[in-house]
Amino acid sequence: MTAQALEQRELASVIGLEVHVQLETATKIFCGCSTAAAEDEEPNTRTCPVCLGLPGALPVLNEGAVEAAVKIGKALNADIPEETTFHRKNYYYPDLPKNFQITQYDAPICQDGQLEVDIRDERRIINVRRAHLEEDPGSLQHKGGSIDTADYTLVNYNRAGTPLMEIVTEPDFRSPKEVRNFLAKLEEVLEYLGVFDSTRDGSLRVDANISMVPADDVADDGSISKETLDAANRTEVKNISSHKGAEKALAYEVTRQKNAIQRGRVIEQETRHWDESRGITVSMRSKEEEKDYRYFLEADLPPLQVSDWKQQIPIPELPDARRERFREEYGLDEESASKLTSTKEVADFYEDVAESFDPDLAATWVADNLLGELNYRDMEITDVSDRLDEFKHLVELVATDDITTKNAEEIVLRQMLDDGVDPDTVIEQEGLGKADDDEIVDFVEEAIEENPDAVEDYHSGEGGALNFLVGQVMQKSRGSADPGTANQLLRERLDD
């Protein structure tokens, strides 16, 4: 279709992803160099002849990386073939020390998988064409600007050789928001598998292929014919490193392409760089084709035969299954179950608490109180996982009425997180033991005596007056009075 014909029609975006996931292994994929960066690490020091591609150095495959790949294949319900092989992908770029990348070509370790994702309140299947193992290149540091404006660029090979899993989807996305949802779900699954650490720099990077097609060529179920896809010029956007970044980059690119088409211009088949600091994509080069990489078999690595590992290697309960179990086993609503399975660590923490207390009470304290306070402090559940016993003790103090819920939430929990102290220490320092009924009676008498206007309003039928007096009792007791008891005693005294 000509640009002039296309500009007259409503357009729809078609997006497919290549998601590069760093696998959580102790050493690199083909050598014994560590994958963990040391503090104040100097560039190009975590390297060896293998990951630098020096002459005569031979690769040895990391078994842990293969096991991680099999786990991902199982989680995606993908096929794992009888035999899988490695190839050399030949291209020249400064971050590639060998001038080729060891990857997989026509025999990837995982094929034809899928991931179910919530998109616009619907469950959608995103098809995964393939997922294969490869080595990470080094990293480029553009000095004095971005990729197109930098004064110069430095290369750091410390990352080179880190094991990667490249997960390639079908072009099943129709909007940037759908991409963001998919990446969040994929990352959640990978973390449950224990093969991925989202806190590691560069742990997830995305290349997105995007085309614009006539909207009426998209079927009601979202499918698009091969002829339509083949006729559309495809732009690849690189340097995307987060869910939010993916949505922003693709939203920009959709707008850019629509504007170009509406002006009668043809979309070039090219590779573009997402410049996050400026919020734009910039042209890097014309889009490579498969033949440009001159793939050939990696002779230094024998074929892998690991199809039987699919049965031998277990994977944990995945987030969707655990979410459903939480609803059935603990009677949680959908929102609470979702919060409490947001990460494996949160789910484990909740189940530890729910073993000792009512599931609803445990859910309130973990999902609402603890996660809310951690989020406010930009902390994660892993920052307090070693304090599980302290947290359970706090919940116990509330459950046994030894401390009011208000004081537990607003004073004890906050000081536990801010000062690193245990709940008993906070209670002793702040004098937060729960007031007995005799003490509350005294506070009630003081509140009535000191607030005659509120007493008069109460007798005049103003409902807010009682709440005000309860607040005065709570203030006098420093939160140690039970609000229900204070309310009851006030009514009895005022109605007498």
Side-chain angles (χ1 to χ4, degrees), residues 16-33 35 50-51 53 56-91 96 98-115 125-137 160-170 172 186 189-190 193-196 207 288-316 318:
L17 302 180
E18 298 170 10
V19 186
H20 302 83
V21 176
Q22 285 187 349
L23 300 179
E24 188 67 4
T25 58
T27 57
K28 295 182 179 181
I29 188 169
F30 298 124
C31 68
C33 291
T35 56
V50 175
C51 53
L58 297 176
V60 177
L61 182 59
N62 184 335
E63 183 177 350
V66 180
E67 290 183 358
V70 172
K71 288 181 180 180
I72 293 172
K74 291 184 70 170
L76 296 175
N77 196 27
D79 295 332
I80 297 177
E82 288 296 323
E83 186 171 280
T84 178
T85 55
F86 285 92
H87 282 71
R88 293 185 180 186
K89 181 180 181 180
N90 295 274
Y91 64 97
L96 201 64
K98 296 190 293 287
N99 291 337
F100 65 84
Q101 180 188 37
I102 299 179
T103 183
Q104 294 187 298
Y105 177 45
D106 54 1
I109 194 167
C110 303
Q111 303 175 43
D112 300 325
Q114 56 184 220
L115 187 64
I125 297 294
I126 300 299
N127 294 291
V128 175
R129 182 183 305 165
R130 56 184 284 145
H132 61 263
L133 282 165
E134 62 186 23
E135 60 182 335
D136 208 350
T162 299
L164 283 185
M165 192 75 169
E166 181 176 336
I167 300 169
V168 182
T169 75
E170 297 291 351
D172 288 346
L186 176 63
V189 169
L190 295 171
L193 291 173
V195 301
F196 172 76
D207 297 341
E288 300 93 341
E289 297 181 15
E290 196 172 89
K291 64 182 180 181
D292 296 324
Y293 292 119
R294 297 178 292 115
Y295 286 96
F296 61 86
L297 198 65
E298 173 55 76
D300 293 329
L301 291 169
L304 281 175
Q305 295 178 336
V306 294
S307 59
D308 60 332
W309 287 20
K310 189 170 184 178
Q311 285 70 44
Q312 297 174 9
I313 296 177
I315 62 172
L318 295 177

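All of these numbers come straight from a predicted model, not from anything done at the bench.
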Participant: Got L301 and P59 here, is their nearest side-chain heavy-atom distance under 4.5 Å?
Facilitator: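 A side-chain contact exists here, since the closest heavy-atom pair is under 4.5 Å.
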Participant: If every non-hydrogen atom of Q104 is compared with every non-hydrogen atom of P108, which pair is closest and at what distance?
Facilitator: OE1-CA, 3.9 Å
Participant: Ignoring hydrogens and geometry, is there a side-chain-to-backbone donor-acceptor pair from D79 to P81 under 3.5 Å?
Facilitator: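 Absent.
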Participant: Between W309 and V66, which heavy-atom pair has the shortest distance, and what is it?
Facilitator: CZ3-CG1, 3.5 Å
Participant: Find the distance between CD1 (I126) and CD1 (I167) and round it off to the nearest 0.5 Å.
Facilitator: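 Result: 13.5 Å between the selected atoms.
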Participant: Rounded to the nearest 0.5 Å, what's the gap from CG on L164 to CD1 on I102? Could you check?
Facilitator: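 Answer for the CG-CD1 pair, L164 versus I102, is 12.5 Å.
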Participant: Less than 4.5 Å apart, side chain to side chain, heavy atoms only: is that true for I72 and L190?
Facilitator: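 Side-chain contact under 4.5 Å: yes.
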Participant: Indicate whether the side chain of T27 and that of N62 have a donor and an acceptor atom separated by less than 3.5 Å.
Facilitator: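 Distance-only check passes for T27 and N62.
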Participant: Please report the C-alpha distance between L61 and F86 in whole Å, then the side-chain angles of each, then the deciding distance to 0.1 Å, and finally whether the side chain to side chain contact (heavy atoms under 4.5 Å, CB included) criterion is met.
Facilitator: CA-CA 10 Å; L61 182 59; F86 285 92; 3.9 Å; yes
Participant: What closest approach, in Å, do P303 and T85 show between heavy atoms, and which atom pair accounts for it?
Facilitator: CB-CG2, 3.9 Å
Participant: Check the pair I109 / M165 against side chain to side chain contact (heavy atoms under 4.5 Å, CB included), numbers first and verdict last.
Facilitator: CA-CA 10 Å; I109 194 167; M165 192 75 169; 3.9 Å; yes
Participant: Could you report the tightest heavy-atom contact between L186 and V19, atom names first, then the distance?
Facilitator: CD2-CG1, 3.9 Å
Participant: Backbone N or O of P163 within a donor-acceptor pair of the E135 side chain at under 3.5 Å?
Facilitator: no
Participant: Please answer whether the main-chain N or O of T103 pairs with a side-chain N or O of Q101 as donor and acceptor at a distance below 3.5 Å.
Facilitator: no
Participant: Which atom names give the shortest non-hydrogen contact between G53 and K98, and what distance separates them?
Facilitator: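 Closest heavy-atom pair between G53 and K98: CA-CG, 3.3 Å.
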Participant: Between the side chains of H20 and E18, does any donor sit under 3.5 Å from an acceptor?
Facilitator: no
Participant: Can any side-chain N or O of T162 pair as donor or acceptor with the backbone N or O of K28 at less than 3.5 Å?
Facilitator: no
Participant: Kindly compute the distance separating CD (Q312) from OG (S307), expressed to the nearest 0.5 Å.
Facilitator: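 Nearest 0.5 Å value for the CD-OG distance: 9.5 Å.
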Participant: Quick check: do V168 and R130 have side-chain heavy atoms less than 4.5 Å from each other?
Facilitator: yes
Participant: Do K71 and I313 have side chains that approach each other closer than 4.5 Å (heavy atoms only, starting at C-beta)?
Facilitator: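 Counting from C-beta outward, K71 and I313 do come under 4.5 Å.
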Participant: State whether F100 and R88 meet the cation-pi test: NZ (Lys) or CZ (Arg) under 6.0 Å from the six-membered ring centroid, and within 45° of the perpendicular axis.
Facilitator: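 Satisfied, under 6.0 Å and within 45°.
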Participant: Examine distances only and state if a side-chain atom of N90 and a backbone atom of R294 form a donor-acceptor pair shorter than 3.5 Å.
Facilitator: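 Yes; judged by distance alone, with no hydrogens or angles, the pair exists.
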Participant: Which heavy-atom pair separates V21 from F196 by the least distance, and what is that distance?
Facilitator: CG1-CD1, 3.4 Å
Participant: Could you measure the distance from the NZ atom of K74 to the CD1 atom of I315? Nearest 0.5 Å is fine.
Facilitator: 5.5 Å
Participant: Go through I125 and L115 one step at a time and tell me if the side chain to side chain contact (heavy atoms under 4.5 Å, CB included) criterion holds.
Facilitator: CA-CA 6 Å; I125 297 294; L115 187 64; over 6 Å; no
Participant: Given 3.5 Å as the limit, does a donor-acceptor pair link the side chain of E83 with the main chain of Q305, or not?
Facilitator: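 The answer is no, because no donor-acceptor pair under 3.5 Å joins these two groups.
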Participant: List the steps, then state whether side chain to side chain contact (heavy atoms under 4.5 Å, CB included) holds for Q22 with D136.
Facilitator: CA-CA 8 Å; Q22 285 187 349; D136 208 350; 3.0 Å; yes
Participant: Just by modelled atom types, is the A107 backbone N or O under 3.5 Å from a matching donor or acceptor in the T84 side chain?
Facilitator: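 Yes, the answer is positive, given that a donor and an acceptor are paired below the 3.5 Å cut-off.
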Participant: From L23 CG over to L133 CG, what is the distance, rounded to the nearest 0.5 angstrom?
Facilitator: 6.5 Å
Participant: Going from CD on E82 to CG on L304, what distance comes out if it is rounded to the nearest 0.5 angstrom?
Facilitator: 12.5 Å
Participant: Flag this pair as yes if the NZ/CZ of K89 is under 6.0 angstrom from the six-membered ring centre of Y293 and inside a 45 degree cone about the axis; otherwise no.
Facilitator: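 Yes, K89 sits over the ring of Y293.
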Participant: Please answer whether the main-chain N or O of A26 pairs with a side-chain N or O of T35 as donor and acceptor at a distance below 3.5 Å.
Facilitator: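 Yes, because the side chain of T35 sits within donor-acceptor range (under 3.5 Å) of the backbone of A26.
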